[in-house]
Number of protein chains: 4
Amino acid sequence: MLESLKKTVFEANMEIYRKGLVIYSFGNVSGIDRGKRIMGIKPSGIPYQKLSFQDIVLVNLDGKIVDGDYRPSMDTNTHLILYRKFDSIGGIVHTHATHATAWAQARRAIPCYGTTHADHFYGEIPVTAPMSDEAIERDYETETGKMIVQVFTEKNPSEVPGVLVANHGPFSWGQTPAEAVYNMVLMEEMAKIALLTEALNPDIKPIKHSLLNKHYLRKHGKNAYYGQTK
Amino acid sequence: MLESLKKTVFEANMEIYRKGLVIYSFGNVSGIDRGKRIMGIKPSGIPYQKLSFQDIVLVNLDGKIVDGDYRPSMDTNTHLILYRKFDSIGGIVHTHATHATAWAQARRAIPCYGTTHADHFYGEIPVTAPMSDEAIERDYETETGKMIVQVFTEKNPSEVPGVLVANHGPFSWGQTPAEAVYNMVLMEEMAKIALLTEALNPDIKPIKHSLLNKHYLRKHGKNAYYGQTK
Amino acid sequence: MLESLKKTVFEANMEIYRKGLVIYSFGNVSGIDRGKRIMGIKPSGIPYQKLSFQDIVLVNLDGKIVDGDYRPSMDTNTHLILYRKFDSIGGIVHTHATHATAWAQARRAIPCYGTTHADHFYGEIPVTAPMSDEAIERDYETETGKMIVQVFTEKNPSEVPGVLVANHGPFSWGQTPAEAVYNMVLMEEMAKIALLTEALNPDIKPIKHSLLNKHYLRKHGKNAYYGQTK
Amino acid sequence: MLESLKKTVFEANMEIYRKGLVIYSFGNVSGIDRGKRIMGIKPSGIPYQKLSFQDIVLVNLDGKIVDGDYRPSMDTNTHLILYRKFDSIGGIVHTHATHATAWAQARRAIPCYGTTHADHFYGEIPVTAPMSDEAIERDYETETGKMIVQVFTEKNPSEVPGVLVANHGPFSWGQTPAEAVYNMVLMEEMAKIALLTEALNPDIKPIKHSLLNKHYLRKHGKNAYYGQTK
């Protein structure tokens, strides 16, 4: 079963590489076994081209390594705080994808300018506040997780499955590592289209609430009619 | 014969995927058998990578499923209204292609800035008006079709084989599904070049009518001299 | 020998397709046999994916077809006028490459902002004046050639091997069809970098004459020291 | 051993081609054997597609060719001056990569707008001053090297392993040719993200020093905790 966790997490890591969302050893994907309370995550600094599923590091929710030959990703504490706070998520992705990172560096939330966005994110993709010098010095990666949690005190992380960390880059999540990757791909695409939208019309406003509701709810929630009934 | 419709529609769906105009299960292509008054369309929410020609859903012009194991695309009613109103078209494509979607989100028609555009679209590619809250609630996909039809009361859909749905994305059409895909590829390319043209010269105006006529008519109409005589 | 002309012209046509400078049946490449005064050119409207070397049409300098089963490119008269006026050129390329076309549509010459440009084009890449309505109606393709020639009354076409036709797109040339393709690839790359340069610094000026001279002349002319001595 | 230098330099040259940082015969990579004081560098004007490891030219630190059938890159003197001044570097890369070249042509340093940049470059990537007409005439390639060295009188080339030469393009370096290529890939990516960041927020400022320190130092220096302990 933990071998299955490793394989799932490995596959999701390779997928962000194949999709062009990361280069060299940038970024990382994790997944969690909620029953065993064990997280699998990419090892630190290993290039994707050399990664194999056995390299995935297993860490418990207190951050103790329970299996693996390598040090886990530097961002491990950021992932752990999200798993502890957001019960509904089963996978997390962090990348330096070009357009989403540009929004993060510009310290701007990605407005919902259209239905492609509304189909997947129930409103704007938020950006964290800049971190204080004290927090940077104290425990940077844990504080990064806290900045993210702060953004979601009045938002549902299942309805907005991603965030931009100011001056840094995007994080996304989902019920599984594969769904978190899917949401990262969409976030990057939304980041690109939103940037071009503003270039074409600097006065454009986010879509109205009725259209946001229509699109988000025809794909999500109890009256959704997208896809196939199981 | 209906198997041939399914295959044609399937091939056109795969082509928008191969051309990078859609990701995952986004977008859809349909085709119609005018004699039998049957439309074939992509099933809802099936990723292109898993699609096979047998999955294409057959629907009559009243929207009743006549063959298929799956629910048809959510956008089925939009396609149907276009087939009912525009007799000349045999295939319809909807995508979320990056640059065309940006123009749709910016709520702007794509001006005809050059001969590449004039070769294929006889003037600007129009954008629909925003939909009212009432229409969104009533029957969203049918209303989307009506908004498109409204744009073409004074335009010929054969001369301008595409439109941007405000806040949403592009639709294109043609005599066949393959021609509709061709027009979508061109619309995306025109969307990109027009955006760059404005970046280089914010004061640029659409080309003059004499040049538009020359280019459109040397490729279309009875005095066309492009291509090979049959 | 004419088979060799067809093959050379065919290869150059396929190369602009492989390099992504054209889609479907857009654009065309020609080459000339100066001894026989015969030009080979792409047939009109044949997609690159279906092109074979036997399809290349041979035309004499008066525009009479001397060999081939197809009609030659619609732009044949534009090519012919350039071969008649510019003795030094042996191949011509016309594309709708994205960034060069954007400059053409913006009706702006591409300024020489750096040494990558200066290595290959001895100064700005010019743009033609817009064509009069009368000229458009008279003999559009021949007039296009005349507009290009006009630009080069005080420029050497060997030192600036390309031009933008206003509202239309780029033409390039060279001693051979392959060299003309090379110059088209560079023109598209220069078009892209120059656009980004202006985005980063709207007040930027072209490079000074001493730097232009240094770079152009270290690669061209009798004191060049680039590459290998033959 | 010199065969091993040739192979290392050849591999790094091919890598900048595969990564899309150069086209045709543009750009060059060199490497040095510090013990033998011999530099290997790409020959001038040979396209990457025809390059083999035996073509790498060996030059001593005085610029004398000690092995090779070809003339070395025109930029040889620029490389040599950097090896003589910066003892810590073992490989140098020069390209005309699109976005980095745009910053060079815009004559602007790339500001450090985010942690992706701070992970690899300890502050902004500087730009050289424009060269005087006299220097251009005197010994252009050597003067280019001097302009670079001038920028690093108060910067450590190991902490900022790259530079933009005004109106020209980027140079990067590293302990090995492969590491220099890695830094060039990052510089191009930083150039792109920084450009997009400014498009999204024209008033954005570089990240604060505490965040720059945190990110640079968690990957470099004696307290680094990125990657695996050896």
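Chain letters run A, B, ... following the sequence lines, proteins first, then strands; residues in each count from 1.
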**Message:** For B/E134, is there an ion pair with B/R138 - N to carboxylate O distance below 4.0 angstrom?
**Reply:** no

**Prompt:** Taking the inter-plane angle between the rings of B/F26 and A/H120 on a 0 to 90° scale, is it parallel (under 30°), tilted (30 to 60°) or perpendicular (over 60°)?
**Reply:** parallel

**Message:** I'd like to know if the side chain of B/N183 and the backbone of B/S172 have a donor-acceptor N/O pair within less than 3.5 Å.
**Reply:** no

**Item:** Greatest number of heavy atom pairs closer than 4.5 Å to chain B - which of A/R218, A/K219, A/K214
**Value:** A/R218

Can I get a per-line list of side-chain donor-acceptor pairs under 3.5 Å for residues 185-197 of chain A, giving both atom names and the distance, sequence neighbours left out?
from: A/E188; atom 1: OE1; to: A/H99; atom 2: N; distance (Å): 3.1
from: A/E188; atom 1: OE1; to: A/A100; atom 2: N; distance (Å): 2.8
from: A/E188; atom 1: OE2; to: A/H99; atom 2: N; distance (Å): 2.9
from: A/E188; atom 1: OE2; to: A/H99; atom 2: ND1; distance (Å): 2.9
from: A/E189; atom 1: OE2; to: B/T98; atom 2: OG1; distance (Å): 2.8
from: A/T197; atom 1: OG1; to: A/I193; atom 2: O; distance (Å): 2.7
from: A/T197; atom 1: OG1; to: B/Q105; atom 2: NE2; distance (Å): 2.9

**Over all atoms of both residues, closest heavy-atom pair of A/P170 and A/T101** = CD-OG1, 3.6 Å

**Request:** Say whether A/N28 and A/H94, considering side chains only, have a donor N or O and an acceptor N or O under 3.5 Å apart.
**Result:** no

**Message:** Less than 4.5 Å to any heavy atom of chain B: does that hold for the side chain of A/N213, its backbone, both, or neither?
**Reply:** neither

**Item:** Under 4.5 Å from any heavy atom of chain A - which part of B/E141
**Value:** side chain

**Prompt:** Hey, is A/K155 close enough to A/E159 for a salt bridge, meaning N to O under 4.0 Å?
**Reply:** no

**Message:** I need the contact set between residues 202-211 of chain A and chain B: heavy-atom distance under 4.5 Å, sorted by residue number.
**Reply:** A/I204, A/I207, A/K208, A/S210, A/L211

**Within 6.0 Å of CZ in A/R34, more than 12 heavy atoms from elsewhere** = yes

**Asked** Does the side chain of B/S44 come under 3.5 Å of the side chain of A/Y225 through a donor N or O and an acceptor N or O?
**Response** no

**Prompt:** Taking the six-membered ring for Trp, are A/F152 and A/F86 parallel (under 30°), tilted (30 to 60°) or perpendicular (over 60°)?
**Reply:** perpendicular

**Asked** Quick check, are the ring centers of A/H168 and A/H96 under 6.0 angstrom apart?
**Response** yes

**Item:** Proximal to chain A - members of residues 61-80 of chain B, heavy-atom separation under 4.5 Å
**Value:** B/Y70, B/R71, B/M74, B/D75

**Prompt:** Would the number of heavy atoms belonging to other residues, nucleotides or ligands and lying under 6.0 Å from CD of A/Q54 be above 12?
**Reply:** yes

**Asked** In residues 121-133 of chain B, which residues are in contact with chain A at a heavy-atom separation under 4.5 Å?
**Response** B/M131, B/S132, B/D133

**Request:** Consider only side-chain N and O atoms of B/E198 and B/Y113, and report whether a donor and an acceptor are under 3.5 Å apart.
**Result:** yes

**Asked** Side chains of B/R108 and A/N201: do they bring a donor and an acceptor to under 3.5 Å?
**Response** no

